[in-house]
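Take a look at the structure below.
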Amino acid sequence: MPDQLMQQIVNGLLIGFMYSLIAIGLTLIWGVMNIVNFAHGDFLMVGMFTSFWLYTLYGLDPLFSIPICTALLFVMGILIYRFIVSKVMSGPMLAQLVVTFGVSIFISNLAVYFWTPDFRQITNPLLSGTWEVAGILLSIPKFVASIGSVITSLAVFLFLKKTRTGKAVLATEMDREAALLMGINTDRINSLSFGIGAALVGIAGAFLSTYYYIYPQVGGTFGLIAFSIVALGGFGSIEGAFIAGILVGLVQTLGGYFFDPSYKYAIVFMIYLITVWIRPQGLLGW
Amino acid sequence: MRNIPSRQFVSAGIALILLIVFPLVVTNTFYQHVMIIFFMFAVMGVAWNIMGGYAGMFSFGQVAFFGIGAYTSSFLLIAYHVNPWIGLVIGGLVAGLVAIAIGYPCSNLRGHYFAIASIAFGEIVKTLFNNWKLVGAAEGLSLPMLDSGFKNFMFHASKIPYYYTILAFLLISLIVCYLVSTSKMGYYFRAIKEGHDVAKVLGINVVRYRLFAIVISAFLTAMAGTFYAQYVLYIDPESVMLLPISVQIVLISMLGGAGSVMGPVIGAAILIPISEGTRVWLGHKGTGIDMLIYGFLITLISVYQPKGVWGLFSNLGRGTR
Amino acid sequence: MSARPCLEVRGVTKHFGGLYANDNIDFSVEDEEIVSVIGPNGAGKSTLFNCITGFYPPNRGHVRFRGHDITRFRADKVCKMGIARTFQVVQVISDMTVLENVMTGALLRCTKIGHAIEKAEVVLAFAGLIDKKNFLGTELTIADKKRLEVSMALATEPKLLMLDEAMAGLTPVELRGMIELIKNIQKGGMTVVVVEHVMEAVMEISHRVIVLNSGKKIMEGSPKEVVCSKEVIQAYLGDKYNAVSQ
């Protein structure tokens with residue numbers, strides 16, 4: 001039994017690291033411009049499909065398509081911000097809520113139109129198989145993805161804390177007006193943040209594609225779970241999203257293990273509700 | 001516009017007469033079906049509007065109340081032979097209680113946070129029903145075929161009685177919405193929508209009034225749920241508890257104009273024929289074109305006319321100051 | 001003058017973590033007085049307002065209004081008891097008309113819309129906004145928004161009106177108008193407590209002035225006494241600039 005438990009914990013961690021990466025992008029967007037990106041999960045889906053098609057059509061292993069996914073999603077994020085999201089920033093709250101829903105529905109169904117709803121899989125990635133470590137089965141793709149997620153998260157963290165632009169992003173997140181007064185072009189920061197947020201799920205998508213089923217509606221659940229993670233970690237907090245992602249991964253797996261697997265997502269949603277009821281600023285938020 | 005100008009009364013009257021005559025003239029059952037779905041969504045849009053458009057609580061989880069209404073009346077009918085009309089009222093009350101249970105802890109949530117909480121709520125309820133053996137879990141409930149007639153809230157031969165029933169529900173909802181919006185409660189809702197602080201300093205018990213809004217909204221939405229169950233005679237979590245239904249409800253209200261009584265009706269009148277039509281003519285191919293158009297429309301409206309159709313009219317009517 | 005003060009603040013202390021925003025504040029306000037609360041930025045004036053009006057309870061101390069202990073009352077209950085307030089950043093209901101805004105306030109004391117309209121119009125006439133009654137909240141100038149906010153507060157039929165920096169951001173003409181309005185409100189029997197930075201207004205309207213600095217009350221007296229006080233000047237300008245003669 002303990003072995004099984006350990007296995008579940010390891011699984012939870014592996015999922016958790018991916019969740020972290022996905023959530024960091026969402027919390028960045030949310031923190032900087034106060035917009036909930038309901039299309040976040042669909043950006044992930046685009047990342048996964050990009051990786052899939054590069055693999056299927058050109059034999060490019062997902063690990064090597066990461067730069068392409070990153071660049072593509074970055075540009076996509078900026079374009080969507082420029083042409084759609086920026087225009088509702090000054091509009092009513094309802095419009096801000098609904099617009100990314102619209103983008104989400106559009107993107108996921110565009111994928112259905114072009115690529116059919118069928119489930120796809122990358123069958124032979126470079127790094128595949130399973131290690132057995134101390135009686136625990138460690139899926140290599142998932143392990144590599146987790147490492148990738150940690151590296152990427154660290155990179156984002158360093159970018160925000162150490163570079164000039166990164167600090168401008170943090171400043172905008174903390175106090176928009178003050179940032180404006182300091183001469184920061186907050187509109188460019190918005191754009192950049194949206195782009196980075198999208199790029200991060202592009203990377204996550206590339207990693208996920210090595211072991212997860214790829215299909216147009218895959219973004220749905222990931223997107224919703226990301227909200228719980230962002231809330232738990234604290235809206236706008238990168239470190240918070242990272243830690244919360246791991247926690248949620250653990251809760252989901254262990255929850256499914258101790259209770260019914262079909263309840264695992266409900267438990268994750270309960271986390272969101274409980275967090276905003278009891279500690280609205282999340283674990284590490286301000 | 002508290003005193004409706006007589007011009008509006010007359011046009012509303014004409015519209016009503018046309019709607020009443022419609023199914024007698026148009027006998028194609030598909031068109032009758034589209035109208036029925038239109039009315040049903042209009043009811044839910046009006047219900048949403050009371051808590052969303054007026055009180056500022058943008059719920060993306062209304063489908064939970066729809067499902068609760070449908071399941072309550074259906075379960076009572078199947079297990080205890082409770083008359084569906086009574087089941088309708090009980091379903092509304094159950095939905096109201098659930099609304100209080102979820103609304104109270106969420107009293108301080110606004111904007112995005114409330115929206116996501118409502119999605120979380122909807123998904124949790126769906127998961128519960130998906131796993132609850134008592135109400136059929138994933139297989140859902142099949143309603144018994146009772147004798148056709150108003151007493152049993154079931155009509156087998158024709159859609160026309162369903163049409164008039166749901167139209168009556170819509171009229172009831174509109175009256176409720178109108179009464180709320182022109183009463184003290186309506187003003188208080190709008191103050192709450194502006195901000196909790198400004199509401200509090202005017203002596204408004206924000207928690208209490210928010211709960212009023214959610215409960216009224218939940219009751220009316222649950223009514224639509226019972227209607228649907230009696231119309232289709234089969235319900236399962238995948239048909240009465242889906243997030244896209246909640247999103248559709250929000251869209252209808254936004255398109256038509258949140259915060260106005262007739263807004264959701266206009267929005268439903270535009271969106272439902274499009275979504276039903278594209279689903280039938282384009283959707284069955286599985287290409288997702290219908291939803292593509294839908295997503296595009298939503299994005300367009302949010303960006304260029306977030307106040308909806310009604311917003312267009314009121315701008316024209318007021319002119320410049 | 002009645003036996004009991006209109007407002008009694010006793011030992012009110014409010015801290016946020018280690019920061020004491022209000023430290024043992026003690027004062028009272030008699031009926032129909034206009035009292036100004038002044039002090040440099042960060043002195044704790046708005047915190048005090050929030051404690052008194054029920055936005056958060058003080059950690060220690062009591063607030064009594066017309067003899068009733070309202071220390072832990074919720075904000076809406078405080079309003080029902082008869083204290084109305086405005087905010088530093090003016091808050092009106094943007095997609096209602098001026099009339100509807102004031103009606104919302106009036107609806108606290110009546111239920112019928114017709115009555116609310118009548119009451120609101122009376123208040124608007126008094127406040128000089130009746131001509132703009134059909135303007136939307138968003139269409140007003142800052143000065144008019146402030147007037148509207150005051151009108152909304154008046155419509156709730158308070159016995160004590162608390163204004164948070166009502167004079168900020170006004171032109172000289174608008175300032176004169178606001179000063180007259182407050183004077184007229186007091187003449188009608190209202191007790192008024194204001195937080196203010198605009199000294200010209202403070203001097204003109206106040207019966208008494210209370211000075212806060214760094215969370216503590218450092219002085220209380222007539223406007224003249226306060227303005228000449230060394231301690232008050234030091235608080236505002238720092239030690240170096242003690243330029244006023246005794």
Side-chain angles (χ1 to χ4, degrees), chain B residues 1-4 49 52-56 104 107-108 110-111 178-212 254 257-261 263 306-308 310-311 313-315 317-321, chain C residues 49-50 53-55 73-97 99-117 120 132 134-140 148-149 152-158 161-162 164:
Chain B
M1 282 196 308
R2 293 303 144 231
N3 304 310
I4 303 183
N49 204 17
Y54 283 100
Y104 182 72
S107 315
N108 281 325
R110 295 174 54 78
Y178 177 72
L179 288 175
V180 166
S181 70
T182 50
S183 72
K184 173 170 170 172
M185 200 183 277
Y187 282 84
Y188 275 16
F189 284 173
R190 288 157 73 196
I192 292 174
K193 180 179 183 186
E194 176 68 33
H196 285 196
D197 284 349
V198 68
K200 284 181 200 174
V201 295
L202 294 175
I204 300 174
N205 185 333
V206 171
V207 172
R208 191 194 299 162
Y209 278 89
R210 277 179 64 132
L211 287 179
F212 282 152
M254 192 178 101
S260 66
V261 176
K307 290 216 155 98
W310 197 259
F313 287 149
S314 60
N315 280 338
R318 280 190 32 234
T320 49
R321 280 189 192 278
Chain C
F49 258 40
N50 288 338
T53 53
F55 277 81
F73 280 20
R74 238 176 22 232
D76 54 287
K77 216 166 165 208
V78 170
C79 177
K80 287 197 187 96
M81 291 292 293
I83 301 181
R85 71 163 290 180
T86 63
F87 290 97
Q88 203 170 338
V89 178
V90 69
Q91 301 221 24
V92 298
I93 304 171
S94 22
D95 46 87
M96 278 193 189
T97 63
L99 181 64
E100 288 172 330
N101 264 281
V102 182
M103 281 166 68
T104 312
L107 282 168
L108 179 61
R109 311 284 182 198
C110 66
T111 345
K112 288 206 164 147
I113 297 290
H115 286 167
I117 294 180
K132 302 183 180 158
N134 288 320
F135 278 40
L136 275 190
T138 41
E139 293 170 346
L140 299 175
L148 175 56
E149 211 190 0
M152 287 158 74
L154 287 176
T156 63
E157 294 177 22
L161 183 62
M162 297 181 62
D164 198 345

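In what follows, chains carry the letters A, B, and so on, assigned in the order in which the sequence lines appear, proteins first and then strands, with residues in each chain numbered from 1. From a predicted model like this one, the values you see are computed outputs, not experimental measurements.
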If every non-hydrogen atom of [X] is compared with every non-hydrogen atom of [Y], which pair is closest and at what distance?
X	Y	answer
Cys79(C)	Gly203(B)	SG-N, 3.4 Å
Phe87(C)	Asp197(B)	CZ-CB, 3.8 Å
Thr111(C)	Lys184(B)	CG2-CD, 3.9 Å

Side chains of [X] and [Y] in contact at under 4.5 Å (non-hydrogen atoms):
X	Y	result
Thr104(C)	Arg190(B)	no
Asp76(C)	Ile204(B)	no
Ile93(C)	Tyr187(B)	no

Next item on the list: For chain B, find which of Met96(C), Lys80(C), Met103(C), Gln91(C) contributes the most heavy-atom pairs closer than 4.5 angstrom.
Entry: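 Winner by heavy-atom pair count: Met96(C).
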Notebook entry, point to check: Between Val206(B), Val198(B), Val201(B), which residue shows the highest count of heavy-atom pairs closer than 4.5 Å to chain C?
Noted result: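 Result: the option with the highest number of such pairs is Val201(B).
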To the nearest 0.5 Å, tell me how far [X] [atom1] sits from [Y] [atom2].
X	Y	atom1	atom2	value
Arg85(C)	Lys200(B)	CZ	NZ	10.5 Å
Asn101(C)	Glu194(B)	CG	CD	8.0 Å
Leu202(B)	Met152(C)	CG	CE	4.5 Å
Lys77(C)	Asn205(B)	NZ	CG	10.5 Å

Checklist line | More than 12 heavy atoms from other groups under 6.0 Å of CZ on Arg109(C) | finding: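 Above 12, so yes.
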Checklist line | Asn108(B) atom CG, neighbour heavy-atom count above 12 within 6.0 Å | finding: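 Open: at most 12 neighbouring heavy atoms sit under 6.0 Å from CG of Asn108(B).
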Part of [X] lying under 4.5 Å from any heavy atom of chain B:
X	answer
Met81(C)	neither
Val92(C)	backbone
Thr53(C)	neither

